[in-house]
There are 2 protein chains.
Amino acid sequence: MNQQRPTKKTTIYDLAELAGTSASAVSAVLNGNWKKRRISSQLAEKITRIAEEQGYAINMQASLLRRDKSKIIGMIVPKYDNRYFGSIVETFEIMARERGLFPIITCTLRDPELEVEAARTMLSYQVDWLISTGATNPDRITDICVAAGAKSLNLDLPGSRAPSIISDNFGGARELTRRTLLNCGDRFGDLSPLLFIGGRASDHNTSERLRGFKAAHEELGVIVDESHILACGYAPEKAVNALQALADREGALPRGMFVNSTISLEGVMRWIKGSHHFSDDAPVIGCFDWDPFVALLADNIEMVRQDVSGMLQSVFRIIDDGGTALPLIEVPPIFDSHAQ
Amino acid sequence: MNQQRPTKKTTIYDLAELAGTSASAVSAVLNGNWKKRRISSQLAEKITRIAEEQGYAINMQASLLRRDKSKIIGMIVPKYDNRYFGSIVETFEIMARERGLFPIITCTLRDPELEVEAARTMLSYQVDWLISTGATNPDRITDICVAAGAKSLNLDLPGSRAPSIISDNFGGARELTRRTLLNCGDRFGDLSPLLFIGGRASDHNTSERLRGFKAAHEELGVIVDESHILACGYAPEKAVNALQALADREGALPRGMFVNSTISLEGVMRWIKGSHHFSDDAPVIGCFDWDPFVALLADNIEMVRQDVSGMLQSVFRIIDDGGTALPLIEVPPIFDSHAQ
DNA sequence: GTGAAAGCGCTAACAA
DNA sequence: TTGTTAGCGCTTTCAC
């Protein structure tokens with residue numbers, strides 16, 4: 001036996017009895033509203049001491065049931081398997097706690113059904129706010145939140161019915177493409193069109209990045225090859241399969257690539273290593289996302305880092321303000337200055 | 001204005017009124033205990049339909065206040081910045097949901113004070129179980145849980161007062177060291193002692209890995225150099241500083257290294273890249289942790305992958321059983337078969 | 001300065 | 001078969 005039996009938890013009534021006072025006094029003291037109740041500081045002190053001694057912990061369920069705002073803030077996130085979302089979650093928790101909010105986070109594995117189920121569950125727990133990060137259908141979630149009287153907000157992937165904070169995908173992709181094309185030119189002596197791989201053509205981010213990809217080509221006078229745009233999804237295997245299919249079809253592959261995320265990059269690198277298409281000379285890659293090991297190990301890969309901290313500052317600015325407007329905020333991603 | 005005002009949430013009383021029945025009937029139906037209440041299936045159906053129509057969502061705060069078990073399961077985790085913890089969190093969520101439990105997770109940034117604060121907060125939310133992952137002081141948390149009538153359990157780093165599930169650090173480190181020594185021998189022609197870097201000498205995992213490190217050296221007849229054991233902490237900068245100090249002191253560095261985590265590895269690789277100590281020939285490294293990009297990009301680095309899924313299966317076996325015993329379970333980590 | 005009491009939304013024992 | 005009722009622990013108004 002390692003753990004005792006639930007020795008009936010201490011309540012404010014127990015505390016009141018021990019202090020020879022009432023539950024309402026205890027409640028007021030423990031919540032710090034005893035100035036306006038003008039409770040004597042000795043009573044306050046006594047109550048505080050006894051609470052301490054008894055290891056009292058408030059029952060949030062009871063407290064929340066009575067109050068109108070829960071101060072619980074929920075976030076749904078697709079995966080924990082890359083630095084981008086990891087950093088979003090970590091920063092989110094820190095910033096929520098700074099504001100006295102209780103963050104709850106859940107990952108939905110990019111499954112649309114799980115997304116709405118997770119949203120409903122969080123609403124059952126009375127979240128005041130729900131942040132949908134990278135959700136496949138943010139508007140659906142906003143609708144569910146509105147129906148439940150909660151506020152919602154989109155991060156990373158925008159929606160039309162709640163404030164949205166995303167990266168400047170167009171600008172970032174244009175610059176990344178420009179750099180990658182030029183890197184390619186330096187390396188191979190001529191400017192040829194890049195391969196685009198990863199992401200879903202239907203999602204806003206991918207289509208914006210595609211737009212930036214094309215703009216950069218155009219600006220440098222390079223004709224995009226539409227058959228080399230492979231928005232095959234996010235999972236690494238999808239990238240592997242897409243590259244294999246292209247190689248089967250065309251024999252050779254472009255020597256420059258725009259990769260839409262580190263997730264896809266994992267697949268791209270796996271395929272490159274497994275095949276022998278680039279055994280003599282590694283392709284030049286630009287990746288719209290950042291990972292420290294790639295940055296350290298692969299000198300043929302340039303990465304853009306999304307500005308997680310900047311995005312979350314925007315998120316909490318809206319939350320702090322109560323979120324009455326409906327903006328689409330685009331935060332520029334960060335390029336290493338040394339490159340280019 | 002994007003979001004309506006909190007249109008007073010629907011309760012079971014509203015539902016009861018609409019269905020022309022009582023709140024308890026609604027409650028029973030919505031909880032699926034209407035067989036034992038022998039409610040007519042037509043009434044059940046009607047209630048279900050109305051609940052659906054109204055977009056009813058149960059108020060968990062109220063429900064939990066009344067029930068004895070919350071079915072909330074908490075986990076604290078140090079960081080989200082590596083694949084190991086990311087995968088723990090993701091798997092934990094999946095396995096918790098499979099059991100109808102509601103997982104809440106919070107990261108504590110390796111800050112002992114935050115750890116206990118986070119534990120207390122979770123207890124306020126009435127968690128039935130609290131999993132401490134990589135906590136600096138698991139026993140302290142167990143004590144707090146016991147006092148609050150919750151069960152606790154340690155993952156990754158063991159404690160003495162609750163069941164603990166950890167990697168087989170000794171066995172894993174011994175095998176990793178053996179492989180790294182042999183790789184080193186293959187590469188450089190002779191067996192010389194490795195550098196050990198990363199982790200805290202005071203923590204159980206590091207001391208066990210150190211024991212395995214020494215055992216493997218001994219088995220191969222190599223004398224460990226105690227001045228080359230740098231348990232400098234986990235943050236990348238700490239590894240950078242430790243290596244720099246060693247290089248300043250001794251001029252040369254060992255050509256083989258045992259690195260205690262991917263976090264430390266990040267620092268090691270940063271230092272290697274920045275200095276010119278290995279500009280001609282990369283050192284041979286064994287890393288007690290796994291990252292896909294390192295595995296793909298660095299052929300001089302061998303990695304062990306901790307068996308996250310196996311560990312969490314053990315965790316939930318204990319939870320499913322009610323957790324009456326107090327075991328220390330060591331789960332063997334996974335080596336790539338191709339190497340060695 | 002302080003206490004009594006109502007009620008947040010739900011569950012479950014007890015009546016009917 | 002179904003409804004009534006008594007709380008779960010807390011916050012807050014109101015009365016003293």
Side-chain angles (χ1 to χ4, degrees), chain A residues 6-47 51 54-72 102 123-126 128 148-149, chain B residues 6-47 51 54-72 102 123-126 128 148-149:
Chain A
T7 155
K8 205 75 191 74
K9 287 174 191 165
T10 320
T11 73
I12 51 171
Y13 290 98
D14 304 327
L15 261 30
E17 193 164 350
L18 287 169
T21 180
S22 72
S24 46
V26 174
S27 171
V29 169
L30 263 28
N31 288 304
N33 346 357
W34 56 286
K35 41 320 192 68
K36 66 164 299 202
R37 284 205 43 146
R38 297 184 309 170
I39 288 171
S40 67
S41 54
Q42 13 170 347
L43 212 212
E45 207 169 320
K46 185 176 181 187
I47 289 175
Q54 301 296 310
Y56 170 78
I58 192 176
N59 181 328
M60 276 298 175
Q61 255 68 49
S63 171
L64 262 37
L65 178 56
R66 197 58 176 66
R67 288 184 304 169
D68 49 343
K69 310 193 66 203
S70 71
K71 300 205 165 200
I72 300 180
F102 184 68
L123 290 168
S124 287
Y125 283 90
Q126 313 299 109
D128 288 336
Chain B
T7 157
K8 204 78 190 72
K9 288 174 192 165
T10 322
T11 71
I12 50 171
Y13 291 99
D14 304 327
L15 262 30
E17 194 165 350
L18 287 169
T21 178
S22 73
S24 50
V26 174
S27 171
V29 169
L30 263 28
N31 289 303
N33 340 359
W34 57 286
K35 35 338 197 44
K36 67 164 298 201
R37 283 205 46 143
R38 297 184 307 174
I39 288 170
S40 68
S41 55
Q42 14 169 350
L43 212 211
E45 208 169 318
K46 184 175 182 188
I47 290 175
Q54 300 296 311
Y56 170 78
I58 191 176
N59 181 328
M60 276 298 175
Q61 257 66 50
S63 172
L64 295 183
L65 179 56
R66 199 61 234 288
R67 288 184 304 167
D68 49 342
K69 309 194 67 205
S70 72
K71 300 205 164 200
I72 300 179
F102 184 68
L123 290 168
S124 286
Y125 282 91
Q126 312 299 108
D128 287 334

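Chain letters run A, B, ... following the sequence lines, proteins first, then strands; residues in each count from 1.
- Across A/Gln126 and B/Gln61, no two heavy atoms sit closer than the pair CG-OE1, 2.9 Å.
- Among the nucleotides D/dC10, D/dG7, C/dG9, the one closest to any side-chain atom of A/Tyr13 is D/dC10.
- Using a 4.0 Å heavy-atom distance criterion, B/Ile12 is classed as a base contact.
- The minimum heavy-atom distance between B/Asn31 and B/Ser27, with the atom names listed, is ND2-O, 2.7 Å.
- From A/Leu65, atom CG reaches atom CG of B/Leu64 across 10.5 Å, with rounding to the nearest 0.5 Å.
- The nearest whole Å value for the distance from the CZ atom in A/Arg67 to the C1' atom in C/dG9 is 16 Å.
- Nucleotide D/dC8 holds its C1' atom 15 Å from the CG atom of A/Leu64, rounded to whole Å.
- Taking the centre of each ring, B/Phe102 and A/Tyr125 come in below the 6.0 Å mark.
- Between the CG atom of A/Asn33 and the C1' atom of C/dG1 there is a distance of 15 Å, rounded to whole Å.
- Distance NZ (A/Lys69) to P (C/dC8): 20 Å, rounded to an integer number of Å.
- In this structure, the CG atom of A/Leu15 is 12 Å from the P atom of D/dT11, given to the nearest Å.
- B/Asp128 contributes atom CG, which lies 3.5 Å from atom OG of B/Ser70 (distance to the nearest 0.5 angstrom).
- A sub-4.0 Å separation between OP1 or OP2 of D/dT11 and a side-chain N or O of A/Ser27 is present.
- Counting non-hydrogen atoms under 4.0 angstrom, B/Asn31 reaches the backbone sugars and phosphates but no base.
- Using a 4.0 Å heavy-atom distance criterion, A/Ile58 is classed as a sugar-phosphate-only contact.
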For nucleotides 14-16 of chain C, list the nitrogen or oxygen atoms of the protein found under 3.5 Å from its nitrogen or oxygen atoms, one pair per line.
none

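- One finds no side-chain N or O of A/Asn59 lying less than 4.0 angstrom from the OP1 or OP2 phosphate oxygen of D/dC8.
- Nearest to the side chain of A/Ser40, among C/dG9, C/dT2, D/dT11, sits C/dT2.
- For B/Leu65, the side-chain atoms get nearest to C/dG9 when compared with the rest of C/dG9, C/dC10, D/dG3.
- Taking all atoms of both residues into account, the shortest heavy-atom contact from B/Ala16 to B/Ala23 is CB-N, 3.6 Å.
- Looking only at side-chain heavy atoms (C-beta outward), B/Gln54 and B/Asp14 stay at 4.5 Å or farther from each other.
- Checking C/dG3, D/dT11, C/dC10 against the side-chain heavy atoms of A/Thr21 singles out C/dG3 as nearest.
- Here the P atom of nucleotide D/dT11 and the CG atom of A/Asp68 are 12 Å apart, to the nearest Å.
- Candidate nucleotides C/dG3, D/dG9, C/dC10 were compared by shortest atom distance to the side chain of A/Ser22, and C/dG3 ranks first.
- Residue-to-nucleotide proximity on DNA chain C shows that, of A/Ala62 and B/Ser24, the 5′-proximal contact is made by A/Ala62.
- One interatomic measurement links the two molecules: NZ of B/Lys9 to P of C/dC10, which rounds to 10 Å at whole-angstrom precision.
- The residue among B/Leu43 and A/Thr11 whose nearest nucleotide of DNA chain D is located toward the 5' end is B/Leu43.
- Taking 3.5 Å as the limit, the base of D/dG9 and the side chain of A/Arg66 contain no donor-acceptor pair of atoms between them.
- Taking all atoms of both residues into account, the shortest heavy-atom contact from A/Leu15 to A/Ala51 is CD2-CB, 3.9 Å.
- The CD atom of A/Glu17 sits 15 Å away from the C1' atom of C/dG3 (whole-angstrom rounding).
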